[in-house]
Protein chains: 2
Amino acid sequence: MSRDQRADDPAVLQEALGSFVRAFGLHQPETTPCGQPISVSEAHALGELAQEGELRQVELTRRLRLQKSTVSRLVGQLSHRGWVERAPAPDDGRGVVLRLTASGRRAARNLAEARRERFSRLLDSIPAHERAGVLHALDVMVEALDEER
Amino acid sequence: MSRDQRADDPAVLQEALGSFVRAFGLHQPETTPCGQPISVSEAHALGELAQEGELRQVELTRRLRLQKSTVSRLVGQLSHRGWVERAPAPDDGRGVVLRLTASGRRAARNLAEARRERFSRLLDSIPAHERAGVLHALDVMVEALDEER
DNA sequence: GGACATGGTTCGACCGTACAACCAGAAGGT
DNA sequence: ACCTTCTGGTTGTACGGTCGAACCATGTCC
């Protein structure tokens, strides 16, 4: 089978993606692949907040692709750890604005460091000449997934 | 920042991978991304069995990268649905050999079809000239993940 | 002002996973 | 033969993330 034929076969994509998902340990979402005592969703939330500075909760919900109820509880946990603060949104009486506390920023930095460690190892295992291609491919897939819906 | 520098930065890989994971809906492992009423792990198990014909339970555990207790229950569910049969291993008094029933093979076919549907759409959203690259990238990552441990 | 949509919270339930304890069979040494 | 250790499976227990529905408050549109 030629390379182009393979590339047009959904089953091949499925197989490739399936293997990847399992290899990366995306079962057990309650432990981050980086070995940190924090759930995958919490880690994502922390990352988004660290990057954005401030975020409306509804926006976080959208980015995390979770239900609002789930995010509410998630934010509650982060707040309980003293990592995020909730403030009423200035322009919308219903909304909540989220912001990292100082300790939250510290946690985010630690997490980023651990992640860096983890992904450094992964990146090291990818042949140098493949790296750019892999990153590009991930972008392409995210775009495709966004477009699809 | 040049492309090669980006390619060597773990944070970039992290970001790309993170987005992808969320975009693909890898939260809620109890529903397969294909919209079938079956968990991701069950789907994987079904796929492995359909492909191999027969499989030792311990081997399935290895491939799914789960705990043996989890797999034991998983197999129990599949058996309860009438999709797999357990038989004592001929060469090892402890072992269990798994095999799909007729109805299990049918379920696997249906699942594969639904998956095909789903991935066809995804594939359609990926520009044709990117497809081979994406598939290759996934292979590369799985290899890297395997090597790493 | 009334109907409907939107952002958040709380409650209840579901389900997949891990860990530990346990059992039975295999393997290897003395 | 026997004892120890290892390995494949099962069961009990607990944890935790996610969802859906019900509910409230606020915003929006006619």
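Note that this is a predicted model, so its numbers are computed, not measured. Excluded from the calculations below are hydrogen atoms, water molecules and symmetry mates; all remaining heavy atoms, backbone and side chain alike, are included. The sequence lines fix the lettering, A, B, ..., with proteins before strands; numbering per chain opens at 1.
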Spacing of NE2 belonging to B/H44 relative to CG belonging to B/L74, to within rounding of 0.5 Å: 11.5 Å
Atom-to-atom span, [atom1] of [X] to [atom2] of [N] - whole angstrom:
X: B/I38; N: C/dC15; atom1: CD1; atom2: C1'; value: 14 Å
X: B/R86; N: D/dT10; atom1: CZ; atom2: C1'; value: 9 Å
X: A/L98; N: C/dG7; atom1: CG; atom2: P; value: 14 Å
X: B/L74; N: D/dG8; atom1: CG; atom2: P; value: 18 Å
X: B/Q67; N: C/dC15; atom1: CD; atom2: P; value: 22 Å
X: A/H80; N: D/dG17; atom1: NE2; atom2: P; value: 14 Å
X: B/E42; N: C/dC14; atom1: CD; atom2: C1'; value: 13 Å
X: A/L64; N: D/dT18; atom1: CG; atom2: C1'; value: 12 Å

Got a salt bridge between A/R63 and A/E52, using NZ or NE/NH1/NH2 to carboxylate O under 4.0 Å? yes
Quick check for you: among [options], whose closest atom lies nearest to any side-chain atom of [X]?
X: B/R73; options: C/dG8, D/dT13, C/dG16; value: D/dT13
X: B/R56; options: C/dA20, C/dT10, D/dG8; value: D/dG8
X: A/S41; options: D/dG17, D/dT26, C/dA26; value: D/dG17
X: B/L66; options: C/dA18, C/dG8, D/dC19; value: C/dA18

Base, sugar-phosphate, or nothing: which does A/R62 touch, judged by heavy atoms less than 4.0 Å apart? nothing
Which is true for B/S69 with a 4.0 Å heavy-atom rule: it touches a base, it touches only sugar-phosphate, or it touches nothing? base
With A/E59, the side chain to side chain donor-acceptor pair (under 3.5 Å) member among A/R62, A/R56, A/Q57: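 When A/R62, A/R56, A/Q57 are each tested with A/E59, the side chain to side chain donor-acceptor pair (under 3.5 Å) holds only for A/R62.
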OP1 or OP2 of D/dG8 versus the side-chain N and O atoms of B/S72: is any pair under 4.0 Å? no
Return no unless some side-chain N or O of B/T70 is found under 4.0 Å from OP1 or OP2 of C/dT17.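 So the side chain of B/T70 is outside the cut-off, no N or O lying under 4.0 Å from OP1 or OP2 of C/dT17.
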Considering heavy-atom distances to DNA chain D, does A/Q77 or A/R94 have its closest nucleotide positioned more toward the 5' end?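 Looking at DNA chain D, the more 5' nearest nucleotide goes with A/Q77.
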